[in-house]
Amino acid sequence: MADSAVVEPRLLRGLRDLLPDQMRARQQMIDTIRGVYESYGFVPLGTPSLEYLDVLTGSAGQEANQSLFRVRNPDRTEREQTEDPTERLGLRFDLTVPLARVIAQYPNLPRPFRRYQVASVFRADKPDPGRYREFTQFDIDSVGVESDLADTEIIAVACDALSALNVGPYQVRFSSRRVLNLLLEFAEVREPITLRWPKGTTARHMADESGTRAARDVFRVLDKLDKVGFERVKLELTAGYQDESGDMIPGLGLEDSQVERIRAFLAVEGERRDDVLRQLRELFSGLPDATAEIDGLARISDRLGGLGYAEDRVRLDLSIARGLAYYTGPVFEARLMEAPQYGSVFGGGRYDDLVTRFLGQRIPATGGSMGVDRLLAALVEKERIRLVPSTAQVLVTTLDPGLTDEYLAIAGELRRAGIRTEPFLGKPGYGQSKKQFRYADQCRVPISVVLGGDEKQAGVVIVKQMDVGRQLTQQAGDRAAWLEMRPGEIRVPRADLVAAVRERLRLLGE
RNA sequence: GCCGUUGUAGCUCAGUUGGCUAGAGCGUCUGACUGUGGAUCAGAAGGUCUCGGGUUCGAGCCCCGACAACGGCACCA
């Protein structure tokens, strides 16, 4: 291979190409979501893929650092960058941090600033099935609004977007980080937490652990409840354990009585939001700050109810923790009932302190993020979206090289009539007809237009509907009969071509 | 990051205790067929057997190492 100049075509793992059929479906989805977001009056924002490393880090706690793609700053030498970390660059890992930067950097933006943004984000984690190192998020956020009206609206717009996408039944679950903070109070969890390692732990396991955690680390553990069940969560909250691979998982060292209180909190659940609220008021009746927070959740619930978002698709679920450290108020996530294995397809919450880093001044904000890739994968699996690899509605075949100008004229006519049309640009010729029809078939172009010498002389064209033949090809038959079939074809006067094509497309629902 | 499995044609895989020029199916291309998608038939292209070292008269096969992919765990803003 060394002496030949070819480079092996390849991608870093976790990255992928999006071929036309995927790309088309994704664009349709994005258009749909954008339509819903704009119907609420949100405005688009674009930011660069690259940001300074110090802009990106620090916001999401330690988690952010390890999965960042780092990029060399072309204006600085390697040495300069190493000596001055503020000169280093990285690829954005979400759209929320860049938004916070923009808010701080453009103080004249109108407030509330309600923006949407759809873009690739990058994480250098180990890829898993359905989890990539570059993926697309479609974010929507309201910045500068203290009121829980803003949170209510984010939940509503998420519901509307999911409905518009025809994803089937879905459920948005919400809770509040502040209620979870009350839980820490209720369970008497004190700062800081000292990690407790299970028996048999060696120094190697503990190497890069700091030994203490913040109390909110409890939330990160609770977030796993769905996935691993309460027993496993309990172990991680108390003494830690050794998992199947032999890894030592440190415990948070809580007492049994504390875990009991957490269990009682998690037992607060129900179909009806006001039922959950009632139980919660009872459980937290000894906490002076609880009433105000629970009232806030009640307001969101009531307003959503008033807007018609009923219990079947919006639930108050106190186990929604969301691991992210920066949430400060209501948090929410959505999942598809028909495809729960895809996890959360929309998630977010209130983050009132995120802009503080850049401005030194607190600016309330709330918002969420639609996981475009997960959603697309789920829709494809559930056959709720069609994968079509071409944009053309019509292929003009080129049987007779002498009629080339005519073919181009036909394509032009159809395009002016608003019909997406492609002339066959490969080798023309009567003998090439097989290839041309096969091309139309493979690309799923719904209609072919055929014009040879015979038709030219008769002043007609053939409009051929490809799906008729596509079905017939399933059955075997002898060649003569096959050639005779000419499935799905109609002959129309040349002058009626546009009308005939338009009518066919209408019947096909294209 | 940890544990495990696997690397042979574009894809899925076969390949005898280590033995001649490394095979099949599917796919691709060409023709049968200057006017129709499928099927059929004939033919063709496509391989440094992941890479590097070792053992051997001889390695796709055995040994060591690296890399990669896949699966599980941890992580997942």
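Values reported hereafter were calculated over all heavy atoms of this structure, with side chains retained and with hydrogens, waters and symmetry mates removed. Note on naming: letters A, B, ... go to the chains in the order of the sequence lines (proteins, then strands), and numbering restarts at 1 for each one.
Per the geometry, CZ belonging to A/Arg374 stands 13 Å off P belonging to B/C76, to the nearest Å. At whole-Å resolution of the value, CE in A/Met466 and C1' in B/G38 are 12 Å apart. Whole-Å rounding puts the A/Glu51 CD to B/A77 C1' distance at 16 Å. What separates CZ of A/Arg357 from C1' of B/A77 is a distance of 12 Å, to the nearest Å. Taking atom CG of residue A/Leu95 and atom P of nucleotide B/A77, one finds them 15 Å apart after rounding to whole Å. The separation between A/Arg232 atom CZ and B/C75 atom C1' is 15 Å, rounded to whole Å. If you take CD of A/Gln436 and P of B/G38, they are 14 Å apart, rounded to a whole angstrom. Spacing between atom CG of A/Leu483 and atom P of B/U34 amounts to 11 Å, rounded to whole angstrom units.
The P atoms of B/C29 and B/C2 are separated by 45 Å, rounded to the nearest whole Å. Rounded to whole Å, the P atom of B/G25 lies 38 Å from the corresponding atom of B/C67. B/G31 and B/C11: their P atoms are spaced 26 Å apart (whole Å). Using atom C1' as the reference point in both B/A9 and B/G27, the two lie 11 Å apart (nearest Å). For the P atoms, the distance linking B/C26 with B/A39 amounts to 11 Å, nearest Å. Comparing B/G43 with B/G7, their C1' atoms sit 32 Å apart, to the nearest whole Å. The gap from the P atom of B/C13 to that of B/U17 amounts to 22 Å, rounded to the nearest Å. If you take atom C1' in B/C75 and the same atom in B/C62, they sit 39 Å apart, rounded to whole Å.
Counting non-hydrogen atoms under 4.0 angstrom, A/Asp454 reaches a base of the nucleic acid. Residue contacts for A/Leu399: at a heavy-atom cut-off of 4.0 Å it reaches a base atom on one of the strands shown. In this structure, A/Ile462 reaches the bases: a heavy-atom distance under 4.0 Å links it to at least one base atom across the strands shown. Note on A/Glu455: a base of the nucleic acid sits closer than 4.0 angstrom, heavy atoms only. A/Lys224 comes within 4.0 angstrom of sugar-phosphate atoms only, judged by non-hydrogen atoms across all strands, and of no base. Within 4.0 Å (heavy atoms only), A/Gly453 reaches at least one base atom of the nucleic acid.
At least one cation-pi condition fails for A/Lys434 and A/Tyr439: the charged atom is not both under 6.0 angstrom from the six-membered ring centre and inside a 45 degree cone around its axis.
A/Arg16 and A/Asp373 are joined by a salt bridge, as a carboxylate oxygen and a charged side-chain nitrogen come within less than 4.0 angstrom of each other. Comment: A/Glu406 engages A/Arg494 in a salt bridge, judged by a side-chain N to carboxylate O separation of less than 4.0 angstrom. Under a 4.0 Å N-O distance rule, the pair A/Arg386/A/Glu510 qualifies as a salt bridge. Using a 4.0 Å cut-off between charged side-chain N and carboxylate O, A/Arg92 and A/Glu51 make no salt bridge. Look at A/Arg115 and A/Asp141 and you find a salt bridge, because one of the NZ, NE, NH1 or NH2 atoms lies within 4.0 Å of a carboxylate O, short of that distance.
Defined by atom type and a distance below 3.5 Å, a donor-acceptor pair is present between the side-chain atoms of A/Arg26 and A/Thr136. Side-chain atoms of A/Glu293 and A/Ser176 form no donor-acceptor pair, as typed in the model, at a separation below 3.5 Å. Side-chain N/O atoms of A/Ser142 and A/Glu153 include no donor and acceptor closer than 3.5 Å.
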Please write out each protein N/O paired with an N/O of nucleotides 26-32 of chain B under 3.5 Å, distance rounded to 0.1 Å.
{"residue": "B/U30", "atom": "OP1", "partner": "A/Lys435", "partner atom": "NZ", "Å": "2.9"}

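Residues satisfying the ring-ring contact (aromatic ring centres under 6.0 Å, His included) criterion with A/Tyr132, sequence neighbours excluded, are absent altogether.
Taken together, the paired segments of RNA chain B that extend over three or more consecutive Watson-Crick or G-U pairs, each closer than 3.5 Å at both contacts, are B:1-7 with B:67-73, B:10-13 with B:23-26, B:28-32 with B:40-44, B:50-54 with B:62-66.
Side-chain atoms of A/Lys126 lie closest to B/G71 of the nucleotides B/G71, B/C75, B/A77. The side chain of A/Ser433 has B/U36 as its nearest neighbour among B/C75, B/A77, B/U36.
Using a 4.0 Å cut-off, no side-chain N or O of A/Arg123 falls inside it from OP1 or OP2 of B/C75.
Projected onto RNA chain B by closest heavy-atom contact, A/Pro127 and A/Lys464 fall at different nucleotides, the more 5' of which corresponds to A/Lys464. Residues A/Asp441 and A/Gly429 each lie close to RNA chain B; by heavy-atom proximity, the contact nearer the 5' end of the strand is made by A/Gly429.
For the pair A/Val445 and A/Ala392, the tightest heavy-atom approach, listed with the atom from each and the gap, is CG1-O, 3.8 Å.
Here the two rings, on A/Tyr116 and A/Phe42, have centers that are 6.0 Å apart or farther.
Aromatic stacking of A/Phe437 on B/U36: satisfied, with centres closer than 5.5 Å and planes within an angle under 30 degrees.
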